[in-house]
Amino acid sequence: MVLDAGDGRPETELWHVTLTVGGASREPENVRVALEQLAAERPFLLSGRYGPDRAEIRYWEEARDCADACALALRVWGEHRSSASLPPWQVLGLEVLARPVHQERAAGPPVSLPLVASGVLRPY
C-alpha cells in the first residue's frame, strides 16, 4: 500500500528483490569478487549466490510501488557492471515481493495452493 506523506508525495516502501542473471561462463573467483564489490556499492544487498555462468542476488529496494521496484531491479546489474566488474550477463529472472509477503514466507512453512491445469477455478 502506498501511503501519502501528507504533502501529496507518496511514501516509499521496501520490496524484497531476487534478481537472477546469467550468460557466458566466467571464472567463479572473478564472479565472487565482483559480487563482493557489488555488495559494497549496494548496502542493502542481503545475499548472493553464483556459479561460472549464473548469479542470483537478493536485496531490499526502496520504491513507491512494485512497478517502480521492478524497473529499478532490472537496472541494477547494468548500472554496476563497470564499477563492480560484473560479467556482461543478462537478466534471467526477477521476483519482487512486498515486505509483508516476504516476511510471511520467511516466517513459516510454505503455503500450498492448488494448481490449475489451465483456465481459472471458479467457486461451485
Side-chain angles (χ1 to χ4, degrees):
M1 171 172 46
V2 178
L3 303 174
D4 189 81
D7 60 0
R9 293 179 302 126
E11 289 186 8
T12 58
E13 295 181 70
L14 286 178
W15 300 86
H16 186 267
V17 175
T18 302
L19 180 69
T20 305
V21 295
S25 188
R26 301 285 186 204
E27 185 62 39
E29 178 64 15
N30 294 340
V31 177
R32 182 189 61 78
V33 169
L35 287 176
E36 287 175 351
Q37 179 59 38
L38 177 61
E41 294 177 13
R42 298 271 315 180
F44 292 112
L45 190 69
L46 299 173
S47 66
R49 298 189 312 171
Y50 66 94
D53 63 349
R54 187 171 302 152
E56 177 184 280
I57 58 173
R58 294 172 184 248
Y59 65 95
W60 290 103
E61 183 67 75
E62 189 174 10
R64 183 179 51 86
D65 57 25
C66 188
D68 286 351
C70 288
L72 291 166
L74 290 171
R75 295 194 321 242
V76 165
W77 197 261
E79 288 179 351
H80 291 271
R81 186 171 288 147
S82 294
S83 62
S85 299
L86 297 169
W89 292 342
Q90 301 299 312
V91 173
L92 302 176
L94 174 64
E95 179 182 61
V96 176
L97 298 173
R99 185 176 180 183
V101 174
H102 173 71
Q103 290 172 330
E104 181 180 308
R105 280 190 184 179
V111 176
S112 179
L113 300 174
L115 293 176
V116 179
S118 66
V120 177
L121 284 178
R122 42 180 196 178
Y124 290 105

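Just so you know, these numbers use all the heavy atoms, side chains as well, and skip hydrogens, waters and symmetry mates.
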Inset, instruction - Please examine the side chains of R54 and L92, heavy atoms only from C-beta on, and report whether any two atoms are closer than 4.5 Å. - result: yes
Inset, instruction - Determine whether L35 and I57 make a side-chain contact, defined as any pair of heavy atoms from C-beta on separated by less than 4.5 Å. - result: yes
Inset, instruction - Flag yes if L86 and L94 sit in one hydrophobic cluster, no otherwise; membership is Ile, Leu, Val, Met, Phe, Trp, Tyr, and two members link when side-chain heavy atoms are under 4.5 Å apart. - result: yes
Legend entry - P52 side chain near R26 side chain, heavy-atom distance below 4.5 Å: no
Inset, instruction - Report yes if the side chains of E61 and V96 come closer than 4.5 Å at any heavy-atom pair, otherwise no. - result: no
Inset, instruction - Over all heavy atoms of both residues, which pair between W15 and A63 is shortest? Give the atoms and the distance, please. - result: NE1-O, 3.3 Å
Inset, instruction - State, to 0.1 Å, how close L38 and W77 come at their nearest heavy-atom pair, and which atoms those are. - result: CD2-CZ3, 4.3 Å
Inset, instruction - Indicate yes or no: does E104 engage R99 in a salt bridge with an N to O separation below 4.0 Å. - result: no
Inset, instruction - Assess the side chains of S83 and Q37: does a donor N or O sit below 3.5 Å from an acceptor N or O? - result: no
Legend entry - Minimum side-chain heavy-atom gap L19-E56 below 4.5 Å: no
Inset, instruction - Anything under 30° is parallel, anything over 60° is perpendicular, the rest tilted; go ahead and classify H16 against H102. - result: parallel
Legend entry - Distance-minimising heavy-atom pair for R64 and T12: N-CG2, 4.1 Å
Legend entry - V31 versus G51, closest heavy-atom pair with distance: CG2-O, 4.0 Å
Legend entry - Heavy-atom side-chain proximity of L46 to W60 below 4.5 angstrom: yes
Legend entry - Shortest non-hydrogen contact between D68 and D65, atoms and distance: N-OD1, 2.9 Å
Inset, instruction - Check step by step if side chain to side chain contact (heavy atoms under 4.5 Å, CB included) holds for V91 and L74. - result: CA-CA 7 Å; V91 173; L74 290 171; 3.9 Å; yes
Inset, instruction - Please round to the nearest 0.5 Å and tell me the distance separating atom CD of E41 and atom CD of E36. - result: 12.5 Å
Inset, instruction - Flag the pair V33 / S85 as yes when at least one side-chain heavy-atom distance between them is below 4.5 Å, and no otherwise. - result: no
Inset, instruction - Establish, yes or no, whether the cationic atom of R42 lies under 6.0 Å from the six-membered ring centre of Y59 and within 45° of the ring axis. - result: yes
